[in-house]
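Notes for the one structure printed next.
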Amino acid sequence: MEKIIINNLSKYFGEKRGFDEISFEIELCNITVIMAPSGYGKTTLLKCIAGLLKPSSGDMINVPEKISFVFQDDRLLEDFSVVSNIKFVTKKYDEKRALDILSKLDLKDLQSTPVKQLSGGMKRRVAIARALCADYDLLILDEPLKGLDNELRDRTIDFIKEYNKEKTVIVVTHDIYEAEKFGGEIIQLDLLKSK
Amino acid sequence: MNKRTVGKLIGVILILVVWQVLYWTLDLEMLLASPFQVVKRLFELLKERDFYTRTLLSASHIFGGFITAFLSGIILSILAGKFSLIEDILWPVTVIAKAVPVASFIVLFLIWFDTDITHIICFLIAFPIIYTNSLNGYKNADENLLETANLYRVSFVKKLYYVYMPAMKNFIISASTVAIGMAWKAGVAAEVIGVARGTIGEQLNEAKLFCNNADLLAWTLVIVLSSIIFEKLFVLLLKLIFGRLK
């Protein structure tokens, strides 16, 4: 099976270390959970994989072109409606697909509501819905379930897994329960480094 | 009536009281007409057809200059935000337009052109205010949203609509309120110095020549009220337009 290969990847911001010489492989069309202690550069690593940051050294092979990302901060258009936030990232807005995703995340009734009127948990789900509505081959989720209660968290994980059966998903979390619930391979960055 | 309206009313009453006291102190109508005389003269003016034609002519010139500055200022600020070369090219233009006294421009253009220059002067005064503020708004756009837009390869037009315009909105509205007031001041100054026929400025000039203080202040009141009405209507229009971004 084809894999995304991360080979000796490092990122420095001047003298400041983002992360240093990380190597691992990610199976395509599977879920991979990345775990590491705080400050280990997980978000920086994800941004490098997504092409938002240029690595200082190392290689990345087989990274899909079309990437969707749920950032740690929601990064939503606060003045715009939920649907407008989806339209923002989609080339062609597929209403049926969008409404299906919104209803699975209990957001269908809020589709015309400006994001600034939503609660933190709702905004988080909008961020997830927006990422799922985009056209992608690789979905990156950076602490995607922050602020969701246990029941909603479990349902959201189930839906993300169900919806991305044929897609590559990278999840960053520090919660072992979430990591196990997502299933798939778990990569512990700090342990990799010590090998 | 809320607290702020009461405060504004107190401010207006204070000005009227000071004005009336000054009138009594000077006791010379040629130097200062009383608030009552000015209001009386204003009501007389309101009955004259000439009042409306003059006000409309001045307002159309000033609005013409302002709206040209408004549209070109916003378009150029977007281009300058996207292409730094345009920002660099426009830098000396905005610095000159901001620093050179308006009277110098008026005299210079009166030498060059044998016509009414009000709209050119209004443009020159309003453009740097609109352009600079609009550009600041553009640069104030959320970096994270722009990063997200780049990830999804969002087109520039879409970025403009969803990210830049909301960021520029408040800058444009506040710049417009300042620029409209400045455009009225500079526009009427140009009419006075250029003795533009059929305008408010011409009436101010005549009031000066005949030392008609009531006329001078009544027309000044017309300018102030026109500027306020124009500003409120324009800001309302902008809020309606920006309110559609959702």
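First the proteins, then the strands, lettered A, B, ... as listed; each starts at 1. Note that the structure is predicted; figures quoted are calculated from it, not measured.
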Quick check: closest heavy atoms across B:V154 and A:F88, and the distance to 0.1 Å?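 So the minimum-distance heavy-atom pair works out to CG2-O, 3.3 Å.
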
Heavy-atom closest contact (A:L76 atom, B:L145 atom, distance):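 Heavy atoms only, the tightest pair is O-CD2, 3.8 Å.
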
Below 3.5 angstrom, are there any donor-acceptor pairs between chain B and chain A, and if so, which atoms and how far apart?
residue: B:N144; atom: O; partner: A:R75; partner atom: NH1; Å: 3.4
residue: B:N144; atom: OD1; partner: A:R75; partner atom: NH2; Å: 3.2
residue: B:N144; atom: ND2; partner: A:D73; partner atom: OD2; Å: 3.1
residue: B:E147; atom: OE1; partner: A:K47; partner atom: NZ; Å: 3.4
residue: B:E147; atom: OE1; partner: A:R75; partner atom: NH1; Å: 2.6
residue: B:E147; atom: OE1; partner: A:R75; partner atom: NH2; Å: 2.9
residue: B:Y152; atom: OH; partner: A:S68; partner atom: OG; Å: 2.7
residue: B:Y152; atom: OH; partner: A:F69; partner atom: N; Å: 3.0
residue: B:Y152; atom: OH; partner: A:F69; partner atom: O; Å: 3.4
residue: B:K158; atom: NZ; partner: A:K87; partner atom: O; Å: 2.6
residue: B:K158; atom: NZ; partner: A:T90; partner atom: O; Å: 2.6
residue: B:K246; atom: O; partner: A:S84; partner atom: OG; Å: 3.1

